[in-house]
Amino acid sequence: ELPDEILGFVNCAMGTVTEGLLRAGAGEGDYVVIQGAGGLGLNAVAMAKEMGAHRVIVLDRLNNRLALAEEFGADYTINVEEYNTVEARRSRIWDLTDGRGANIVMELVGRAELLVEGIEYLTNGGTFVEIGDIVPGRTVEIDPSTLLRGKKIMGSLMYRPSLLPMMMERLVKNIDKVPYQSIVSNRFPLDQVNEAFEAAEWSERDTAVTRAMLIP
């Protein structure tokens with residue numbers, strides 16, 4: 001029922017963000033902010049809406065990714081080049097969450113400093129979910145007093161195997177409603193694996209690659 005190009009990101013993308021959303025208690029009426037609109041972010045948008053999120057807001061610097069996030073169900077997008085300070089982004093998110101802040105913020109970019117920024121987006125009792133910053137050794141400074149009203153920081157890695165049937169059933173259910181096939185933006189033969197990594201690398205530069213796939 002599902003083509004290979006959709007099944008290809010169930011393991012590392014859909015599974016990862018689904019686990020994070022479930023651990024954060026995502027549900028009906030939530031305001032969810034997603035930092036990053038790559039393969040992880042796009043799956044997070046669709047899954048948050050499927051779980052009943054009232055409003056999903058996505059931040060990225062690439063307009064093509066933000067446009068795709070809207071196709072996946074994002075209610076609002078924020079280009080971080082346009083809102084180019086933490087204060088400007090926080091003010092915009094506060095406006096888009098009706099002055100209350102987000103219930104859940106997900107970091108899916110891989111930049112440690114986004115944890116500090118994301119905490120500022122949270123409402124009282126909200127949860128920051130750290131998924132993207134997988135490289136050890138990076139540190140940030142936070143003000144502990146910003147957590148006193150019940151804000152939580154939670155890490156999430158991989159997912160429970162029992163989620164696979166649920167995710168695949170939801171893919172079948174929504175395949176005609178959500179453009180999952182658009183997540184894979186580039187395809188490479190196996191003997192061009194090095195070129196694929198180079199094209200997809202986003203660190204210190206912009207890339208049009210949302211998710212690359214090797215075709216054996």
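It should be emphasised that the depicted structure is a prediction, and the values quoted were computed from it without experimental measurement.
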Subject >> Greater than 12 external heavy atoms within 6.0 Å of I134's CD1 >> reply: no
Original post:
Side chain of R187, backbone of V184: donor and acceptor closer than 3.5 Å?
Top reply: yes
Original post:
Linking Ile, Leu, Val, Met, Phe, Trp and Tyr by side-chain heavy atoms under 4.5 Å, what else ends up with Y31?
Top reply: none
Original post:
Do you see a donor-acceptor pair shorter than 3.5 Å between the side chains of D60 and N79?
Top reply: no
Subject >> Single-linkage hydrophobic cluster, 4.5 Å side-chain cutoff, V209 and V58 together >> reply: no
**OP:** Write down the atom of A196, the atom of L214, and the distance for their closest heavy-atom approach.
**Re:** CB-CD2, 4.1 Å
Original post:
L2, V17: one ILVMFWY side-chain cluster at the under-4.5 Å cut-off?
Top reply: yes
Original post:
CD of E1 to CG of L7: how many Å apart, nearest 0.5 Å?
Top reply: 10.5 Å
**OP:** Please name the pair of heavy atoms, one in G132 and one in E130, separated by the smallest distance, quoted to 0.1 Å.
**Re:** N-OE2, 3.3 Å
Original post:
Should V172 and E169 count as side-chain neighbours, where that means a heavy-atom distance under 4.5 Å?
Top reply: no
Subject >> With sequence neighbours excluded, residues passing side-chain hydrogen bond (donor to acceptor under 3.5 Å, both in side chains) with N103 >> reply: R100
**OP:** Give a yes or no on whether the backbone of G126 and the side-chain of T123 come within a donor-acceptor separation of less than 3.5 Å.
**Re:** no
**OP:** List the steps and the verdict of side chain to side chain contact (heavy atoms under 4.5 Å, CB included) for Q35 and L108.
**Re:** CA-CA 6 Å; Q35 295 170 307; L108 304 175; 5.9 Å; no
Original post:
So, for A13 and R211, which heavy atoms are closest and what is the spacing to 0.1 Å?
Top reply: CB-NH2, 3.8 Å
Original post:
Would you say the side-chain atoms of T127 pair up with the backbone N or O of K152, donor to acceptor, closer than 3.5 Å?
Top reply: no
**OP:** For the pair L22 and M51, evaluate side chain to side chain contact (heavy atoms under 4.5 Å, CB included) and give the outcome as yes or no after the intermediate values.
**Re:** CA-CA 9 Å; L22 288 172; M51 292 178 177; 3.7 Å; yes
Original post:
Do the numbers put R90 on top of the ring of W94, so that NZ or CZ is under 6.0 Å from the six-membered ring centre and no more than 45° off the axis?
Top reply: yes
Original post:
Salt-bridged, E120 to R89, with N to O below 4.0 Å?
Top reply: no
**OP:** Sort and list the pairs that fulfil ring-ring contact (aromatic ring centres under 6.0 Å, His included) and have at least one residue in residues 137-157, not counting sequence neighbours.
**Re:** none
Original post:
Which pairs, with at least one residue in residues 44-53 and sequence neighbours excluded, count as a side-chain hydrogen bond (donor to acceptor under 3.5 Å, both in side chains)?
Top reply: K49-D75, E50-K173, E50-N174
Original post:
Taking only residues two or more places apart in sequence, or in another chain, which ones meet S156 in a side-chain hydrogen bond (donor to acceptor under 3.5 Å, both in side chains)?
Top reply: none
**OP:** Please round to the nearest 0.5 Å and tell me the distance separating atom CD1 of I131 and atom CE of M158.
**Re:** 11.5 Å
Original post:
What residues form a side-chain hydrogen bond (donor to acceptor under 3.5 Å, both in side chains) with N11, not counting sequence neighbours?
Top reply: Y159
Subject >> Single-linkage hydrophobic cluster V32~V109, side-chain heavy atoms < 4.5 angstrom >> reply: no
Original post:
Is it true that L42 and I175 fall in one hydrophobic cluster, defined by side-chain heavy atoms closer than 4.5 Å?
Top reply: yes
Original post:
Would you say L171 and V10 make side-chain contact, with heavy atoms under 4.5 Å?
Top reply: yes
Subject >> Any M166 side-chain heavy atom under 4.5 Å of T18 side chain >> reply: yes
Original post:
Do M14 and L40 touch side chain to side chain, with heavy atoms closer than 4.5 Å?
Top reply: no
**OP:** Taking the side chain as every heavy atom from C-beta outward, state whether I183 and E5 have any atom pair closer than 4.5 Å.
**Re:** no
Original post:
Any chain of hydrophobic side-chain contacts (each under 4.5 Å) joining M47 to I34?
Top reply: yes
Subject >> salt bridge (charged side-chain N to carboxylate O under 4.0 Å, His left out): pairs with one or both residues in residues 137-146, sequence neighbours excluded >> reply: D133-R138
Subject >> Distance in Å, L68 CG paired with T77 OG1, rounded so as to fall on 0.5 Å steps >> reply: 11.5 Å
**OP:** Please list, chain by chain and in numerical order, all residues satisfying salt bridge (charged side-chain N to carboxylate O under 4.0 Å, His left out) with E70, sequence neighbours excluded.
**Re:** none
**OP:** Could you list the residues that satisfy side-chain hydrogen bond (donor to acceptor under 3.5 Å, both in side chains) with R55, not counting sequence neighbours?
**Re:** D98
**OP:** Determine whether M106 and I104 make a side-chain contact, defined as any pair of heavy atoms from C-beta on separated by less than 4.5 Å.
**Re:** yes
Original post:
L190 and I215: side chain to side chain contact (heavy atoms under 4.5 Å, CB included), yes or no, with the steps?
Top reply: CA-CA 6 Å; L190 191 57; I215 308 296; over 6 Å; no
Original post:
Does any pair with a residue in residues 16-44 pass salt bridge (charged side-chain N to carboxylate O under 4.0 Å, His left out), and if so which ones, sequence neighbours excluded?
Top reply: E19-R23, E19-R160
**OP:** Flag yes if more than 12 heavy atoms outside M213 fall under 6.0 Å of its CE atom; otherwise flag no.
**Re:** yes
Subject >> Other ILVMFWY residues reachable from I153 by side-chain steps of under 4.5 Å >> reply: V33, I57, L59, Y76, I78, V80, Y83, I93, L96, V105, L115, V116, I119, Y121, L122, F128, V140, I142, L147
Subject >> Separation between OG of S182 and CG of N64, rounded to the nearest 0.5 Å >> reply: 11.5 Å
Subject >> Considering all heavy atoms, the nearest A24-V129 contact >> reply: CB-CG2, 3.7 Å
Original post:
Can you list every pair that meets ring-ring contact (aromatic ring centres under 6.0 Å, His included) and has a residue in residues 162-191, with sequence neighbours left out?
Top reply: F72-Y180
